[in-house]
Structure formats: C-alpha cells, structure tokens
Amino acid sequence: MVKKTLKPDFIFESSWEVCNKVGGIYTVLSTRAKTLQDEMKDRILFIGPDFWKDNESPYFKEDSTLFAKWQWEAKEQGLKVRVGRWTIPGEPIAILVDFTPYYDRKNEIYTWLWEKYGVDSLHAYGDYDEASMFSYAAALVVESYYNYYLDSRKKVIYHANEWMCGLGALYINHKMPQIGTIFTTHATSIGRSIAGNQKPLYDYLFAYHGDQMAEELNVQSKHSIEKQTAMYVDCFTTVSDITANECKELLDKPVEVVLPNGFDNSFVPNTTNFTRKRRIARQRLLEVANALLGEQLGDDTLIVSTSGRYEFRNKGIDVFVEAMNRLLRDTNLKKKVVAFIEVPGWVGEPRKDLQERLKSGKTFDTPLEVPQVTHWLHNMSHDNVLSMLKYYDMHNREDDMVKVIFLPCYLDGKDGIVDMTYYDIVLGNDLCVYPSYYEPWGYTPLEAIAFKVPCITTDLAGFGLWANKVFGHNGEIEDGVKVIHRTDYNYSEVADAIKDTVAKFSSMTQRQVNACRKAADTLSKKALWSEFIEYYHKAYDIALRKAEARK
C-alpha cells in the first residue's frame, strides 16, 4: 500500500535573504514563493531580518492589518516584528524581525547551544553573531505565532536556509518538537572555504576531515552550527548532487533529499515585448562600450558576459579572462567580441567622464583612460580583474577583436552608467559564460537560458550536472548549454574550451544561432518550479512523519 504524502498546513521559512537581496538564495526563495503561495495561499510565511526599521524597503510592503492581534501580542512579548508582503510574484506574507535586542543575551544563548547541541561558538567572528541573533529571533517569532494561532492538530514545517538559520532550527527542534524541521545548506561553509583558499576540493574530498579543515581555515563556528543542525533536524537537504557529496564527506551527514533550484519565468517578457527589450539591452550595452572605447561597434558585435558573486576563482572569473585573452589571437573568431564582467566589486562611483560621453549622444574616436572599467573602484591597484587584464596587457586597443569591460556593480537599475536591471540587460547577450570551479547549483546559467541566451558552464556546477543528465550526454552549445568538464587541475583546458566555443558561435549562421536559442529556452522550461516543487513535497513529508512520530 502506497503511503499518502503528508502535506503541511503551515510553513514557516526563514532566511537571511528574505526581503534582503544579497545573493543567490534570494533568487531561490523569491522565484519559488509564487508556486508555494499558489498552493498554500497565505499559509507560507517567510521570516527575514529587519534592516530597514523605519525606512521604506524596496522589497517589502508593510500591512499592519495582517495578524493584527498577534502583532500586538508579539509586541507585548518583546518581539519587534513588522508584517507585510514581499514584493515579488505571488506577494507572500513576510515577517521581518529586529534581532538587535538579543545581542545582550548572546552568551546565554551560545551556552545553551553548546550544552544542548555541542555547537562551538567560541571561535565566532564576522557575521556569525549577527546571523545567529537573527536566527534566534526568527525562531521566537515562529514560537509566538504558533502558540497564538495553531495547535498540534495542524501539520507545521519550519524550514531554515543556510548555517545562518541553524540556531533557530535547533531551538524549534528542542522547544517545539511537534513542528517538522528542514535545513537546507546551499553550499557548505567548509567546502566554499577549501575552494576559496586555492586548495583542491574534489580530488581530495574523500580524504578531508571537515572538523580539522574548519580549524585550519578558521571557520569552526560556522562549520559547527551547520554540522549540528544537519545532524538534528528532521530532514537535511541541499541543492545538487555535487553538494550532497560534499555534505556526506565534510559534514558526516548524508542529505535526505536534493532540492534542485528552479526558476519562475514570470520574470521573462512575452514574445512581442522580448524582441523590443532585447534590442534596447543590446543598444545600451553597445552605447556604454562605444563611449568607453571610443569606437563604433555595430549590432553584429558578439556580446558575451559573465556575472555573479565576486569569487575570483570559485566563479571562474579568472578562467573567463584567460579565455578572452586567448580568443584575441584565435584566427577562427569571425566577429568582434565585447565581453562584460558584471560582478560587484568594491565600487566607488560611476565614472563622470563616461557619464558625460553617454549623455552627449555623440560618437567618439578616442578611448577614455583605463578603458576596461565603467566605475572607479576603491582598490583599483589591487583588484583581481584589473590586475589580470594588466598582466596580460589587455588594454582594449582599437585593433583588438576582443574587448573586456568590467562592470563592477549590482545592476539594480541605478548604477549611474547602464541604469538597467540585470534581468533587463541579460537578454541582450549573445552568449553567457559561467565556468565555475565551486558552484553548488548555479542560478546565472539557468537565468541566462530562461532569457533564451545560450551559455557555457561546467560540470562542477550543480546546474551543469543536471543539464548533462537531461541531455544524456555532455552538453554542447547546440543544446543551448555547453557543459565543460572541469577538475581541480585542468584550468588551461577549460580556458581553451571557452575560447573554442565562442569562436565556433561567432561563425554560426543566423539559423544555427536561432536553433541554439530555442534549445536554451526548451531546457529552461524543464527547470521551472512547477517541475521541481515535488522534491520539496518529499522533504515536507519526511519532516512531518518524524514530527508526527514524536507526538
């Protein structure tokens, strides 16, 4: 007899990135929210940190009528919460909590955490305290809301994302055993540290001892909360097979379910709008390039980009620059290339000289000084991208077939140069390149193909592995995604594979390019949340069964 899947009546989901756009987890939650909201109308509640206090947040619309009686009760209990809606598709309910009052009780909370769960907070530094106090506050919000509105007849899930929310998950585990707990690590803190410290992660994964490496790399506290949360929650999950392997080896705990990251294509404009928006995006990128370089690059220029977090090695930014340098001398390249590196650096201000050129609407025949960067940086002489371009003598000279431009800021529509959002600009690309070394999932390539832009990624990204699985072979650019085999040591081969793929793409006919774009679009439809949400239902079922058994 097949067991009926248990479904939650209520879900509380906490993350540092609820209504707080700082990284990939924001994309995971904000694109998935609509699917869950459609299923559970206002019975999924997201809990995030309240950084805005009295200021207007661009991601949150307060509504004092929502749970008005409980809001009053929470205030009486000393909880500082604001309730409203997250301004994303589906507009789910969000509760923002001010966690600063709990710093005074930090030592007492950490002592409890050590005595109950063996979590080492002694070596904490940086964002550990901030995240932990938020996590604690989020758990208090759940406890208060549950006691006010719910009871043990309701099936309730608490879903914590990343080590930052681990403390809260353990609090719920201890104080409210009737709630099923889920913990998702989107990347292990120790795996990211090993990769970011130039150590070979994959060849030696079987031999690394997580606790020992955490000590060596000074991430004991983050590793400790992550490991203990994984051990004690009802359902431990991650986002890809590649990270599941990492969890097993470094956290000594296999995951119960892999929750691949989907996408919600309500972000993608419809057909008539799409063509117009693509034209506007290309025009803007070429205007910026031409003003900076003092050239007249036309619409037949191949626009290529990489983007993401500024993790120079982990995200493969180094190998991208390497590939563009090699492409300069590739006789198979049939078109001029403008390659944008859209990665937020330590940005100072938009360049006034570039702003003036863009405002003038004129054409120019001389480049600006330092024609590789659109915004001045605070650390120009120590920036990794600029240093590598300088090392390779890549100065965007007029006769160079490949120009590399560093756009070192968040594309939020207000950067002072491009002044368009990332989703409005990404569809202007011909090709996107994400040659990651460490990438638990990889939203950037998924976003690219959702906007019909073929892309290059690697099989060290969860998304790349997934694409290979769907294709039944290693992805080629004709499939919409070229998946390059990457190891700890084949940097040079990866750079060549990128160079060769861009050169090949440059000589494709319009019909071949259209076929690539169509294949990219088709693959993206297989990664919609409507396809992937079933994995979440599986995780909810596992957690609820364990909670039911405790009742």
**Message:** Could you tell me if His223 and Asp211 have a donor-acceptor pair between their side chains, going purely by distance under 3.5 Å?
**Reply:** yes
**Asked** Sub-3.5 Å donor-acceptor pair from the side chain of Ser305 to the main-chain atoms of Cys432, do we have one?
**Response** no
**Item:** Residue pairs fulfilling ring-ring contact (aromatic ring centres under 6.0 Å, His included) with at least one residue in residues 241-265, sequence neighbours excluded
**Value:** Phe263-Phe267
**Asked** Are Thr243 and Ser240 linked by a side-chain donor-acceptor pair shorter than 3.5 Å?
**Response** yes
**Request:** Spell out, as yes or no, whether a donor-acceptor pair under 3.5 Å connects the side chain of Ser135 to the backbone of Ser132.
**Result:** no
**Trp529 and Thr31 side chains, donor-acceptor separation under 3.5 Å** = yes
**Item:** Centroid-centroid distance, Tyr434 to Phe463, less than 6.0 Å
**Value:** no
**Asked** Do Tyr232 and Leu170 come close enough that some side-chain heavy atom pair is under 4.5 Å?
**Response** yes
**Request:** Kindly say whether Asp127 contributes a backbone atom to a donor-acceptor pair with the side chain of Glu130 at under 3.5 angstrom?
**Result:** no
**Request:** Look only at the side chain of Asp500 and the backbone of Ala497, and say whether a donor-acceptor pair between them is shorter than 3.5 Å.
**Result:** no
**Message:** Using a 3.5 Å distance criterion without hydrogens, assess whether the side chain of Asp120 forms a donor-acceptor pair with backbone atoms of Ser224.
**Reply:** no
**Prompt:** Ile182 versus Glu256: any side-chain heavy-atom pair under 4.5 Å?
**Reply:** no
**Partner set under salt bridge (charged side-chain N to carboxylate O under 4.0 Å, His left out) for Asp541, not counting sequence neighbours** = Arg545
**Request:** Check for a donor-acceptor pair, side chain of Thr184 on one end and backbone N or O of Ala160 on the other, with a separation under 3.5 Å.
**Result:** no
**Prompt:** Taking the side chain from Thr238 and the backbone from His186, do they hold a donor-acceptor pair closer than 3.5 Å?
**Reply:** no
**Asked** Out of curiosity, Asp521 CG to Cys516 SG, how far, rounded to the nearest 0.5 Å?
**Response** 12.5 Å
**Prompt:** Counting only heavy atoms not in Tyr204, do more than 12 sit closer than 6.0 Å to its OH atom?
**Reply:** no
**Asked** In Å, rounded to the nearest 0.5 Å, how long is the span from CD of Gln372 to NZ of Lys403?
**Response** 11.0 Å
**Message:** Students often mix this up, so state it plainly: with edges at 30° and 60°, are the rings of Phe451 and Tyr423 parallel, tilted or perpendicular?
**Reply:** tilted
**Message:** Suppose the criterion is salt bridge (Lys or Arg N to Asp or Glu O under 4.0 Å): which pairs have a residue in residues 320-332, not counting sequence neighbours?
**Reply:** Glu322-Arg326, Arg326-Asp496, Asp330-Lys499
**Request:** Check side chain to side chain contact (heavy atoms under 4.5 Å, CB included) between Lys34 and all other residues, then give those that pass, not counting sequence neighbours.
**Result:** Asp38, Pro89, Asp264
**Request:** State which residues pass side chain to side chain donor-acceptor pair (under 3.5 Å) with Asn20; sequence neighbours excluded, sorted by chain then number.
**Result:** none
**Asked** With no hydrogens and no angle check, do the side chains of Tyr158 and Ser14 hold a donor and an acceptor under 3.5 Å apart?
**Response** yes
**Fill in**
Sorted by chain and residue number, the side chain to side chain donor-acceptor pair (under 3.5 Å) partners of Asp424 (sequence neighbours excluded) come out as Lys277, Thr421
**Request:** Compare every heavy atom of Ala520 with every heavy atom of Ile449, then report the nearest pair and how far apart it is.
**Result:** CB-O, 3.5 Å
**Request:** Return yes if some donor-acceptor pair links the side-chain N/O of Asn273 with the main-chain N/O of Asn270 below 3.5 Å, else return no.
**Result:** no
**Item:** Charged N-O contact under 4.0 Å between Glu39 and Lys7
**Value:** no
**Message:** Holding to side chain to side chain donor-acceptor pair (under 3.5 Å), I want the full list of residues that pass it with Asp383, two or more places apart in sequence or in another chain.
**Reply:** Tyr310
**Item:** Matching residue for Ser189 among Glu226, Glu162, Gln220 - test: side-chain hydrogen bond (donor to acceptor under 3.5 Å, both in side chains)
**Value:** Glu226
**N/O donor-acceptor pair under 3.5 Å between Asn474 side chain and His485 backbone** = no
**Item:** Flag if over 12 foreign heavy atoms under 6.0 Å of NE2, His473
**Value:** yes
**Item:** side-chain contact (heavy atoms from CB on, under 4.5 Å) partner of Val402, chosen from Leu333, Asn396, Asn325
**Value:** Leu333
**Request:** Determine whether Arg282 and Asp430 make a side-chain contact, defined as any pair of heavy atoms from C-beta on separated by less than 4.5 Å.
**Result:** yes
**Message:** Does any part of the side chain of Val28, heavy atoms only, come nearer than 4.5 Å to the side chain of Trp441, both counted from C-beta?
**Reply:** no
**Complete:** Sequence neighbours excluded, the answer for salt bridge (charged side-chain N to carboxylate O under 4.0 Å, His left out) partners of Asp412 is none
**Message:** Under the salt bridge (Lys or Arg N to Asp or Glu O under 4.0 Å) definition, can you give me all pairs with a residue in residues 431-453, not counting sequence neighbours?
**Reply:** Lys315-Glu439
**Message:** Does any part of the side chain of Pro408, heavy atoms only, come nearer than 4.5 Å to the side chain of Val385, both counted from C-beta?
**Reply:** no
**Student check: side-chain heavy atoms of Phe471 and Glu476 closer than 4.5 Å** = no
**Fill in**
Residues passing the salt bridge (charged side-chain N to carboxylate O under 4.0 Å, His left out) test with Glu478, sequence neighbours excluded, are Lys504
**Item:** Approximate separation, where rounding is to 0.5 Å, of Lys334 NZ and Met401 CE
**Value:** 8.5 Å
**Fill in**
Residue set satisfying salt bridge (charged side-chain N to carboxylate O under 4.0 Å, His left out) with Arg32, at least two apart, ordered chain then number -> Glu13
**Message:** Evaluate Leu328 against Asp400 for side-chain contact (heavy atoms from CB on, under 4.5 Å), listing each step before the verdict.
**Reply:** CA-CA 7 Å; Leu328 273 166; Asp400 288 342; 3.7 Å; yes
**Partner of Ile341 by side-chain contact (heavy atoms from CB on, under 4.5 Å), out of Ile405, Val404, Leu407** = Val404
**Request:** Starting at CZ of Phe46, measure out to NE2 of His159 and round the result to the nearest 0.5 Å.
**Result:** 9.5 Å
Side-chain atoms of residues 195-202: list all donor-acceptor pairs with protein atoms under 3.5 Å, sequence neighbours left out, distances to 0.1 Å.
unit_1: Asn197; atom_1: ND2; unit_2: Ser193; atom_2: O; d: 2.7
unit_1: Lys199; atom_1: NZ; unit_2: Glu216; atom_2: OE2; d: 3.2
unit_1: Tyr202; atom_1: OH; unit_2: Tyr437; atom_2: O; d: 2.7

**Electrostatic pair Asp252:Lys227 at N-O distance under 4.0 angstrom** = yes
**Asked** How long is the gap from CD1 on Ile477 to CD1 on Ile456, to the nearest 0.5 Å?
**Response** 5.0 Å
**Prompt:** Does the Ser436 side chain pair with the main chain of Tyr438, one donor and one acceptor, at a distance under 3.5 Å?
**Reply:** no
**Asked** To the nearest 0.5 Å, how far apart are OG1 in Thr457 and CG in Asn468?
**Response** 9.5 Å
**Request:** Please step through salt bridge (Lys or Arg N to Asp or Glu O under 4.0 Å) for the pair Asp241 and Lys469, ending with a clear verdict.
**Result:** CA-CA 11 Å; Asp241 293 340; Lys469 206 186 270 185; 3.0 Å; yes
**Prompt:** Do Tyr535 and Thr237 come close enough that some side-chain heavy atom pair is under 4.5 Å?
**Reply:** no
**Prompt:** Under a 4.5 Å cut-off applied to non-hydrogen side-chain atoms, are Val321 and Met394 in contact?
**Reply:** yes
